[in-house]
Amino acid sequence: MQPTVVIQKAPVKPMYICLFIAWAIFILPIPFTSFLAYPLIAASIILSVICLSRNDFKNGIIGLVLIFIGSPLVYLIGLSMFASILGSVSQSN
């Protein structure tokens with residue numbers, strides 16, 4: 001009797017969902033909301049490593065690149081939005 005091997009699919013959708021929710025939190029120009037995004041970024045890293053371990057190298061590498069290059073850029077965009085809002089508020093007063 002041959003043991004059956006169940007091949008599980010790589011968690012690509014949950015990885016991208018966690019990443020895009022974290023990016024949406026980074027974009028919010030509200031102070032201290034970025035701390036809410038860090039657990040989602042960590043979950044995205046773990047899910048992309050799981051994608052790599054399940055031989056879905058394309059989505060795993062793309063996910064890691066987006067996490068480590070795209071997330072700081074999105075954070076800086078949100079930070080500049082916050083700074084411009086503070087600047088416009090201080091000029092109007």
Side-chain angles (χ1 to χ4, degrees):
M1 176 183 261
Q2 294 282 339
T4 58
V5 177
V6 177
I7 299 173
Q8 296 178 347
K9 292 170 50 175
V12 176
K13 275 188 181 179
M15 177 188 62
Y16 287 124
I17 289 171
C18 286
L19 184 61
F20 292 142
I21 291 173
W23 283 0
I25 293 171
F26 277 152
I27 288 289
L28 289 175
I30 301 171
F32 307 112
T33 57
S34 63
F35 293 115
L36 300 173
Y38 294 134
L40 291 171
I41 295 292
S44 297
I45 292 171
I46 292 168
L47 290 171
S48 64
V49 170
I50 290 172
C51 286
L52 289 173
S53 70
R54 293 193 181 157
N55 294 330
D56 191 0
F57 296 113
K58 183 182 106 177
N59 285 317
I61 295 295
I62 289 172
L64 286 174
V65 167
L66 286 175
I67 290 166
F68 289 117
I69 293 175
S71 294
L73 293 175
V74 172
Y75 178 75
L76 289 175
I77 290 169
L79 191 63
S80 65
M81 287 173 49
F82 178 67
S84 67
I85 289 172
L86 281 181
S88 66
V89 167
S90 66
Q91 287 178 356
S92 65
N93 289 334

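This structure is a prediction, so every number in the text was calculated from the model and none was measured.
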After noting the C-alpha distance and the side-chain angles of Phe20 and Trp23, does the key distance pass the ring pair (Phe, Tyr, Trp, His ring centres under 6.0 Å) rule? CA-CA 5 Å; Phe20 292 142; Trp23 283 0; 5.6 Å; yes

Given the rule that I, L, V, M, F, W and Y join up when any side-chain heavy atoms are under 4.5 Å apart, are [X] and [Y] in one cluster?
X: Leu64; Y: Leu73; result: yes
X: Ile25; Y: Ile69; result: no
X: Phe57; Y: Ile46; result: yes
X: Val65; Y: Phe68; result: yes
X: Ile67; Y: Ile50; result: yes

Smallest separation among heavy atoms of [X] and [Y], with atom names:
X: Arg54; Y: Pro11; value: NH1-CD, 3.9 Å
X: Ser44; Y: Cys18; value: OG-CB, 3.3 Å
X: Asn59; Y: Met15; value: O-CE, 3.5 Å

From the options Leu52, Asp56, Leu66, select the one residue that forms a side-chain contact (heavy atoms from CB on, under 4.5 Å) with Ile61. Leu52

Relative to each other, are the rings of Tyr38 and Phe35 parallel, tilted or perpendicular (30° and 60° limits)?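 Ring orientation of Tyr38 relative to Phe35: perpendicular.
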
[X] vs [Y] side-chain heavy atoms within contact, under 4.5 Å:
X: Tyr16; Y: Ile62; value: yes
X: Ile41; Y: Leu19; value: yes
X: Phe82; Y: Thr33; value: no

